[in-house]
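Report on the structure given below.
Per chain, numbering begins at 1; letters A, B, ... match sequence-line order. Heavy atoms only: backbone and side chains are in, while hydrogens, waters and symmetry mates are out.
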Number of protein chains: 2
Amino acid sequence: MNPAPIFPENDRATIEDVARAAGVSTATVSRVLNNSGKVASQTIERVQNAITQLNYVAHGGARSLAATKTNTIGLIIPAASTLFFSSLLSGINSALSAHGYDFLIYATLTPASTADGNPLTLGPHNSDGLLIFTDSVDDPTLRRLARREFPMVLLHRRSIDQANIPTIRFNNFDSSYQLISHLIENCGRKRIAFLRGPDGNEDSQRREAGYRQALENHGLRVTTELIGDGLFQPEPAARQVQSWLDQGVTFDAIFTGDDNAAMGVIELLDRAGVRVPDDVSVVGFNDDVLSRYLNPALTTVVAPADQLGEKAAELLIQLIAGEIVPDETVLPTRLIVRASCGCQSQAAES
Amino acid sequence: MNPAPIFPENDRATIEDVARAAGVSTATVSRVLNNSGKVASQTIERVQNAITQLNYVAHGGARSLAATKTNTIGLIIPAASTLFFSSLLSGINSALSAHGYDFLIYATLTPASTADGNPLTLGPHNSDGLLIFTDSVDDPTLRRLARREFPMVLLHRRSIDQANIPTIRFNNFDSSYQLISHLIENCGRKRIAFLRGPDGNEDSQRREAGYRQALENHGLRVTTELIGDGLFQPEPAARQVQSWLDQGVTFDAIFTGDDNAAMGVIELLDRAGVRVPDDVSVVGFNDDVLSRYLNPALTTVVAPADQLGEKAAELLIQLIAGEIVPDETVLPTRLIVRASCGCQSQAAES
DNA sequence: TTGTATGATGTAAACGCTTACAGTAAGCGT
DNA sequence: ACGCTTACTGTAAGCGTTTACATCATACAA
């Protein structure tokens with residue numbers, strides 16, 4: 001039996017190949033790999049040379065088997081993803097790498113809104129923690145994971161009873177309240193419509209609550225006639241507004257729920273000969289990158305998804321490290337007034 | 001020593017727990033897990049019961065260690081990601097699940113445009129194949145992987161010399177040619193500007209080639225004066241156009257390179273008092289979901305990213321299965337004429 | 001000189017799975 | 001009755017790491 005080749009050309013190198021090439025044991029290689037334990041600087045160098053020589057890359061599976069730690073976080077999001085999501089993702093990524101975690105994002109787009117049916121592959125075992133978006137994981141699963149104290153952060157949704165899973169979201173209520181107050185106080189609007197998001201969406205519920213409160217506090221009546229479904233999407237939103245027009249429902253402003261819906265609404269109104277903002281104000285929520293380029297530029301609420309993603313990832317990292325984090329993290333938002341609400345006091349854009 | 005508990009409450013169950021609970025060996029459990037080999041239907045049922053009882057989920061790492069197959073594909077994309085990317089992602093996902101692959105997407109956003117520096121963690125060992133977007137992996141790495149015949153598909157870029165890595169992209173040249181021809185023939189435009197994408201972007205290069213060819217074939221001169229940088233982003237694109245306006249460069253149409261840039265340009269022109277499309281036609285590329293809602297609605301080229309993602313994933317799956325796939329896959333695109341080009345013959349939207 | 005830290009390294013078990021191989025029992029043809 | 005398949009199941013090695021423990025110099029204090 002001849003000695004194993006020092007430079008395996010076609011098979012990926014293992015830690016053993018590296019050890020052999022560097023003339024040390026695998027334990028030592030592992031030590032320099034994770035810089036744990038004491039290793040002579042000379043040895044470190046020899047090992048590192050061997051590593052680059054061989055293009056060695058550790059087998060993540062073997063590593064997580066032995067270390068009972070995956071160095072991976074799971075991101076579970078619903079399939080319908082938009083600009084908002086890519087922004088979120090980049091925020092998460094920046095937090096992870098900033099913390100020296102060479103974590104990789106292990107993302108799975110669940111078929112629809114829930115992951116029930118087959119048990120979550122991303123649980124314990126296969127990731128160190130989970131970032132869960134809205135309702136992409138069903139309650140029993142959530143509860144089970146919570147019982148095992150598996151690190152999780154819930155994005156854009158509240159925790160479940162009995163289990164204090166940390167949550168993170170924007171301050172939907174306050175900013176909606178401000179948005180509507182602005183329409184009333186500065187733009188002189190009185191009949192303001194609201195378009196709900198997808199069924200059960202908590203952001204939408206909170207925005208609606210802010211909307212209602214603002215109307216009430218200004219002595220305006222909340223009419224169900226003026227509350228419809230926009231689903232946070234252009235077409236459904238436009239359809240709802242069209243049907244109001246058809247039915248002769250009158251309004252002088254629309255809070256479209258989010259910016260996506262606003263696009264559809266503005267276009268529809270334009271086509272219907274309704275002038276925005278002269279006849280009707282349109283306001284959104286999110287301040288997507290494109291919203292300032294709309295015509296008219298959209299008055300909306302700045303809710304930076306990337307910041308939310310970043311903060312969420314940081315929370316998760318702390319959780320994984322065994323630290324304690326607040327049950328609820330609410331990120332501030334701010335109103336940004338552009339042309340689409342039609343008020344006099346249009347501030348210069350910052 | 002008391003017998004190990006049948007239902008481990010707080011530790012994740014292993015295949016051994018399942019085997020014990022079902023009264024079989026781990027080999028048998030593994031067989032039903034992967035339905036390989038013959039197992040009595042009665043046994044299968046017993047095992048499956050045990051699995052649900054214990055909420056068993058296989059340890060992916062252990063599995064890939066033993067099977068030398070990860071059931072994971074890598075997706076490598078540059079950090080700057082837009083609407084285009086989420087669309088792409090959902091296409092990839094649908095292909096993977098459609099093929100019964102319970103593959104998960106293992107995505108890493110590389111810092112900038114290249115993954116060099118530290119060797120690619122996603123190589124052999126840690127994924128079964130790679131989907132590589134534009135220039136997110138450097139050539140030496142690509143070459144090394146190619147030598148190992150590691151399955152890869154390159155998106156939106158050509159292969160490297162000597163290594164026939166399959167590629168997939170849209171037909172940029174033809175559609176740009178059509179777009180420009182349309183501006184000339186149907187909209188009567190003569191001084192058409194072009195905004196390049198990021199440096200080295202191959203899509204941009206091909207679009208420019210189509211643009212140039214169309215001008216030449218219609219007897220128009222290509223002027224470098226009318227070729228600028230838009231980077232496929234709203235702000236840089238607007239800045240370029242602004243500087244043309246400042247310098248007194250005249251044009252009656254702008255091909256903005258992509259839809260993102262078009263948004264910035266339309267807004268800038270509007271603010272500068274230039275009417276679109278009356279004074280200047282603006283056309284884009286991609287047909288992002290939002291483009292039809294712009295004002296004026298954007299004339300552009302339909303290049304469905306989700307379809308590209310889906311097809312790319314399918315190619316990769318075939319590659320992994322050892323099948324042969326074409327070196328080059330070019331997806332068709334089509335012109336969609338809306339209001340922003342200002343031609344008479346505006347077709348009804350399909 | 002001896003004893004004792006201390007630093008550097010090696011040995012080998014364990015992580016949770018797959019799979020080649022071996023084994024057993026039942027069924028069948030002769 | 002015998003042997004040969006066939007259907008099913010178990011045994012155990014091995015996948016590539018990490019890490020507790022052991023080992024062995026070396027240096028330093030007494």
### Summary
Rounded to the nearest 0.5 Å, the CG atom of A/Leu331 sits from the CD atom of A/Glu310 at a distance of 10.5 Å
### Query
What is the bend of the helix from C/dT1-D/dA30 to C/dT30-D/dA1 when you compare the axis at one end with the axis at the other, using five pairs each and rounding to 10°?
50°
## Note on the structure
To the nearest 0.5 Å, atom CG of A/Leu33 lies from atom CD1 of A/Ile51 at 5.0 Å
### Summary
Whichever of B/Lys38 and B/Thr68 has the more 5' nearest nucleotide on DNA chain D, that residue is B/Lys38
### Message
Counting neighbours of CZ on B/Arg158 that are heavy atoms of other residues, nucleotides or ligands and sit closer than 6.0 Å, is the number greater than 12?
### Response
no
### Salt bridge flag under 4.0 Å for residues B/Arg169 and B/Glu328
yes
### Summary
Atom CG of B/Asn71 and atom P of C/dT18 are separated, to the nearest Å, by 10 Å
### Message
Treating primed atoms plus P, OP1 and OP2 as sugar-phosphate and everything else as base, which nucleotides of nucleotides 17-27 of chain D get B, S or - for protein heavy atoms under 4.0 Å?
### Response
BBBB-------
#### Entry: Nearest-0.5 Å distance, CD of residue B/Gln48 to OG of residue B/Ser41
10.5 Å
### Message
Expressed as a whole number of angstroms, how long is the span from A/Arg46:CZ to C/dA8:P?
### Response
13 Å
### Task
Assign A/Ser64 to base, sugar-phosphate, or nothing according to its heavy-atom contacts below 4.0 angstrom with the strands shown.
nothing
All N/O contacts under 3.5 Å from nucleotides 24-26 of chain C to the protein, with atom names and distances to one decimal?
none

### Message
Measure NZ/A/Lys69 against P/D/dG16 and give the value in whole Å, please.
### Response
22 Å
#### Entry: From A/Phe150 atom CZ to A/Leu130 atom CG, the distance as rounded to the nearest 0.5 Å
5.5 Å
### Message
If you count every heavy atom of other residues, nucleotides or ligands that lies below 6.0 Å from A/Glu323 atom CD, does the total exceed 12?
### Response
yes
